Protein chains: 2
Amino acid sequence: MATGRTHRPATRSRGIPEATVARLPLYLRALTALSERSVPTVSSEELAAAAGVNSAKLRKDFSYLGSYGTRGVGYDVEYLVYQISRELGLTQDWPVVIVGIGNLGAALANYGGFASRGFRVAALIDADPAMAGKPVAGMPVQHTDDLERIIEDNGVSIGVIATPAGAAQQVCERLVAAGVTSILNFAPTVLSVPDGVDVRKVDLSIELQILAFHEQRKAGEEAAADGVAPPVAAKPHRKGPDGDVPAVMPA
Amino acid sequence: MATGRTHRPATRSRGIPEATVARLPLYLRALTALSERSVPTVSSEELAAAAGVNSAKLRKDFSYLGSYGTRGVGYDVEYLVYQISRELGLTQDWPVVIVGIGNLGAALANYGGFASRGFRVAALIDADPAMAGKPVAGMPVQHTDDLERIIEDNGVSIGVIATPAGAAQQVCERLVAAGVTSILNFAPTVLSVPDGVDVRKVDLSIELQILAFHEQRKAGEEAAADGVAPPVAAKPHRKGPDGDVPAVMPA
DNA sequence: ACCTGTGAAGTCATTCACAGCC
DNA sequence: GGCTGTGAATGACTTCACAGGT
């Protein structure tokens, strides 16, 4: 059954560190912008600034790909664009399905960034029969019943889940069973998948909570010159009979 | 000035490692689910499984917050929910503005997860005069002209940018000038902000590219027993005359 | 003179493994 | 016997600093 260990055994990625892989798209974007302005070469310092990282990191990152620069000169923009695209697998195109065409799913379907870089929305899928056939982003929504067929017919290996949390795990299992091996999950749930399947998640609520944490620290920074008061101890007040405490609710 | 060094000087966060902070929301969500099912206590093993991490990591994470568990027993669910909420600053509420009410902005405005945990959408702002006054998610869209006033009137310190890439930096600057110190950026651009301002980004296209990278590696895993063939040179295919797309080209 | 590529050092994060308590 | 809390070990990532090429 493979419990939810999304964790791949080791940084199995023929040499390139995961942290580096995560930055390649950033470099690629910056390079593409330079390319559009017909800039022929760029130094690690300039490119790093455009990508929002420091130059030592960038050079180290590129060193994992090979020696694509020229000492005393910098990097050839077009050449690097090509090398990074190839490394990321963007020279082929990737059919993608989006499952769950609510507000978010529809927004994703309309998002231009999809098409631009080798990703192609092959199908939009929703469980609501009333949605079936309706056009979203110029494409008819299809019903979940046909999920397996759609995946196979289109050779889809990347799926985007934009369903409510409750439906996500089940959709995930169907996608995986049908052959999908990479999933981008927008539902606020932990997905468990078998080994060999990659999951990445995008979670608004988590990001906000992280910001709130730092925001709170900033606020506590007045008053404190020596001992930064931790969050404020507040009465432990455990065991609320029926939780007068945050009756919070998951998304 | 302060160039785009988002980088805070050091992990200034009174002890709690950034990686731990990023997982607290995950634990909180799992705990909330348990709380709703009235589960009174939970072991590190169980909770870790629910949150999709391993138990050693979870125990270490909690150890930064204090000793909130009981040996031989586990953690009191309600108590932990309270402690983590407090640590994250979720016991107060955070007014948030969303700037850029296109497909994505509207989807975010409708997203339930916002309201649920101390975050409150204080205003929706868009640059298009035609949008002004239109209700989205039961709330009238306001014009960018009033951005500064809205921030101040509502004491907003967290802003969400969902504008097109081209407008993001400028919107960011106005938000910061008006007093926002935490930004969640959905626009595919690197934002530069002064020290003391936190930026987190959510970028669909980057996530997909990371998935594509791993996907490509998986594909290359047949055939290879000894020397894993690097990316595979694949025919560059493409080359739009004036490509809005990567006009990829080797040197 | 300038800029890349990279060992070496330093910092941060995860995992191990077990003492201590229930 | 079961489970937490945590030093110590290991591993990953970043930064330094400079040798080496143009």
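These numbers come from a predicted model, not from an experiment.
- Rounding to whole angstrom units, CG of residue A/Leu24 and P of D/dC13 are separated by 13 Å.
- Residue pairs meeting the side chain to side chain donor-acceptor pair (under 3.5 Å) criterion with at least one partner in residues 159-172 of chain A, sequence neighbours excluded, are A/Gln169-A/Glu173.
- OP1 or OP2 of D/dT15 has not a single side-chain nitrogen or oxygen of A/Lys60 nearer than 4.0 Å.
- In terms of position on DNA chain D, the residue among A/Thr70 and B/Val73 whose nearest nucleotide sits closer to the 5' end is B/Val73.
- Listed pair B/Asn54 / C/dT15 meets the phosphate criterion, a side-chain N or O lying under 4.0 Å from OP1 or OP2.
- The base of C/dT4 sits with one of its N or O atoms less than 3.5 Å from a complementary donor or acceptor on the side chain of A/Arg71.
- Taking 4.0 Å as the cut-off between side-chain N and carboxylate O, B/Arg23 and B/Glu18 do not count as a salt-bridged pair.
- The nearest heavy atom of DNA chain C to A/Ser63 and to A/Gly72 marks one nucleotide each, and the one closer to the 5' end goes with A/Gly72.
- A side-chain N or O of A/Arg117 and one of A/Thr32 form a donor-acceptor pair less than 3.5 Å apart.
- Put simply, CZ on B/Arg23 is 9 Å from P on C/dA13, counting in whole angstrom units.
- Counting to the nearest Å, the P atom of D/dC16 and the CD atom of A/Glu45 are 12 Å from each other.
- Tested against B/Leu31 for a side chain to side chain contact (heavy atoms under 4.5 Å, CB included), the candidates B/Val39, B/Val42, B/Leu26 yield a single pass: B/Val42.
- Taking atom OH of A/Tyr27 as the reference point, atom P of C/dT4 lies 13 Å away to the nearest angstrom.
- Distances shown here put a side-chain N or O of B/Tyr75 below 4.0 Å from the OP1 or OP2 atom of D/dG5.
- A straight line from CD1 of B/Ile16 to C1' of C/dC12 spans 15 Å, rounded to a whole angstrom.
- The shortest distance between the side-chain N/O atoms of A/Tyr64 and the OP1/OP2 oxygens of D/dT14 is not below 4.0 Å.
- Pairs of residues two or more places apart, or lying in two chains, never qualify as salt bridge (charged side-chain N to carboxylate O under 4.0 Å, His left out) while including a residue from residues 43-59 of chain A.
- Atom CZ in A/Phe62 sits roughly 14 Å away from atom C1' in C/dC3 (whole-Å rounding).
- Between the CG atom of A/Leu58 and the P atom of C/dT6 there is a distance of 14 Å, rounded to whole Å.
- Contact check, B/Arg59 against C/dC18: no side-chain N or O comes under 4.0 Å of OP1 or OP2.
- Whole-Å rounding puts the B/Glu18 CD to C/dT14 P distance at 11 Å.
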